[in-house]
Amino acid sequence: MSEQAPVTLALTRGRILDDCLPLLARAGVVPEEHPAKSRKLVFRTSDPGIRLLVLRGSDVPVYVRHGAADAGVVGRDVLMEAGSDGLYELLDLGIARCRLMTAGLAGSPEPGPRARVATKFVNIARRFYASKGIQADIIELSGAMELAPVLGLAERIVDIVDTGNTLRANGLEALETIAEVSARLIVNKAAMKLRPEPLKALVARFAAVTGSAP
Ligand code: PRP
């Protein structure tokens with residue numbers, strides 16, 4: 001990697017991207033096109049030293065861990081699920097705040113020693129229920145988790161809750177908070193050693209516009 005190559009920053013599409021673009025703009029980084037309105041996946045920016053990738057959240061740590069991206073912005077939920085091997089988690093950006101929670105049909109009884117749990121957060125769910133002495137039979141889904149209790153597929157779900165509207169609209173209630181979630185800035189450990197100047201500068205710019213301490 002040459003010193004001149006732009007720093008590649010992987011962003012998470014969706015809510016995190018919506019909250020992250022204004023932060024980046026305040027840091028002087030504006031993509032050549034609006035990523036949410038484009039089919040492109042790589043974007044040059046107003047800063048020739050920074051290019052952006054726009055990915056699914058679960059893919060952001062994969063790109064960063066393997067060094068295909070130098071840094072990334074991703075939810076704490078994704079990091080908790082995927083682990084942080086090969087990554088530094090350097091800043092809490094304080095954006096895209098939500099909670100990782102368990103939920104079930106409103107008024108449903110407490111599960112016994114075993115519970116069927118539908119989620120895309122397989123590792124987090126297994127760990128959480130194990131810590132309560134409950135064996136979770138995990139049903140892995142990639143979306144629309146809220147349907148699972150309604151149709152009798154699972155007694156509980158583990159999912160992100162923001163406004164709670166999705167749960168309410170489907171007759172579910174939020175139960176236990178597993179973690180408070182917000183978007184984090186992650187950096188590839190090897191890239192930090194190989195190119196400390198541009199990466200430290202990127203972290204400092206994020207720290208300045210979020211008021212967080214690196
Ligand atoms: C998340 C989550 C819930 C919803 C919760 O999905 O899976 O379905 O948001 O938000 P609320 O509490 O404000 O209703 P998202 O729309 O982010 O899509 P995803 O399933 O692709 O993560």
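These numbers come from a predicted model, not from an experiment.
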Do [X] and [Y] have side chains that approach each other closer than 4.5 Å (heavy atoms only, starting at C-beta)?
X: Arg13; Y: Leu41; answer: yes
X: Phe43; Y: Val54; answer: yes
X: Leu11; Y: Leu24; answer: yes

task: Output all residues satisfying side-chain hydrogen bond (donor to acceptor under 3.5 Å, both in side chains) with Lys189, sequence neighbours left out; order by chain, then residue number.
output: none
- request: Using the salt bridge (Lys or Arg N to Asp or Glu O under 4.0 Å) rule, take Glu81 and Lys120 through it: C-alpha gap first, then chi angles, then the decisive distance, then the call.
  value: CA-CA 9 Å; Glu81 179 65 19; Lys120 65 180 174 189; over 6 Å; no
task: Could you walk me through whether Tyr88 and Ile186 pass the side chain to side chain contact (heavy atoms under 4.5 Å, CB included) test, one step at a time?
output: CA-CA 5 Å; Tyr88 291 121; Ile186 58 173; over 6 Å; no
Nearest atoms (heavy-atom pairs only) where [X] meets [Y]:
X: Ala69; Y: Leu53; value: CB-CD1, 4.1 Å
X: Val74; Y: Gly57; value: CG2-O, 3.6 Å
X: Val117; Y: Ala125; value: CG1-CB, 4.2 Å

field: Cluster overlap Val158 with Leu105, hydrophobic side-chain contacts below 4.5 Å
entry: no
task: Kindly work out whether a path of hydrophobic side-chain contacts (I/L/V/M/F/W/Y, heavy atoms less than 4.5 Å apart) joins Leu141 to Ile124.
output: no
Could you tell me whether [X] atom [atom1] has more than 12 heavy atoms of other residues or ligands within 6.0 Å of it?
X: Arg44; atom1: CZ; value: no
X: Lys132; atom1: NZ; value: yes
X: Arg56; atom1: CZ; value: no
X: Tyr63; atom1: OH; value: no

[Y]/[X] salt bridge by N-O under 4.0 Å criterion:
X: Arg76; Y: Glu180; result: no
X: Arg184; Y: Asp92; result: yes
X: Arg205; Y: Asp47; result: yes
X: Arg65; Y: Asp85; result: no

Are a donor atom and an acceptor atom from the side chains of [X] and [Y] found within less than 3.5 Å of each other?
X: Arg156; Y: Ser108; value: yes
X: Glu176; Y: Thr102; value: yes
X: Ser182; Y: Arg97; value: no

- prompt: Taking atom CG of Leu100 and atom CD1 of Ile178, what is their separation to the nearest 0.5 Å?
  reply: 5.0 Å
query: What's the spacing between Arg116 CZ and Asp137 CG if we round to 0.5 Å?
result: 8.5 Å
task: Check step by step if side chain to side chain contact (heavy atoms under 4.5 Å, CB included) holds for Asn188 and Asp70.
output: CA-CA 5 Å; Asn188 174 279; Asp70 301 297; 5.6 Å; no
- prompt: Going through the distances and angles, do Leu79 and Glu89 end up as a side chain to side chain contact (heavy atoms under 4.5 Å, CB included)?
  reply: CA-CA 9 Å; Leu79 294 174; Glu89 184 185 318; 3.5 Å; yes
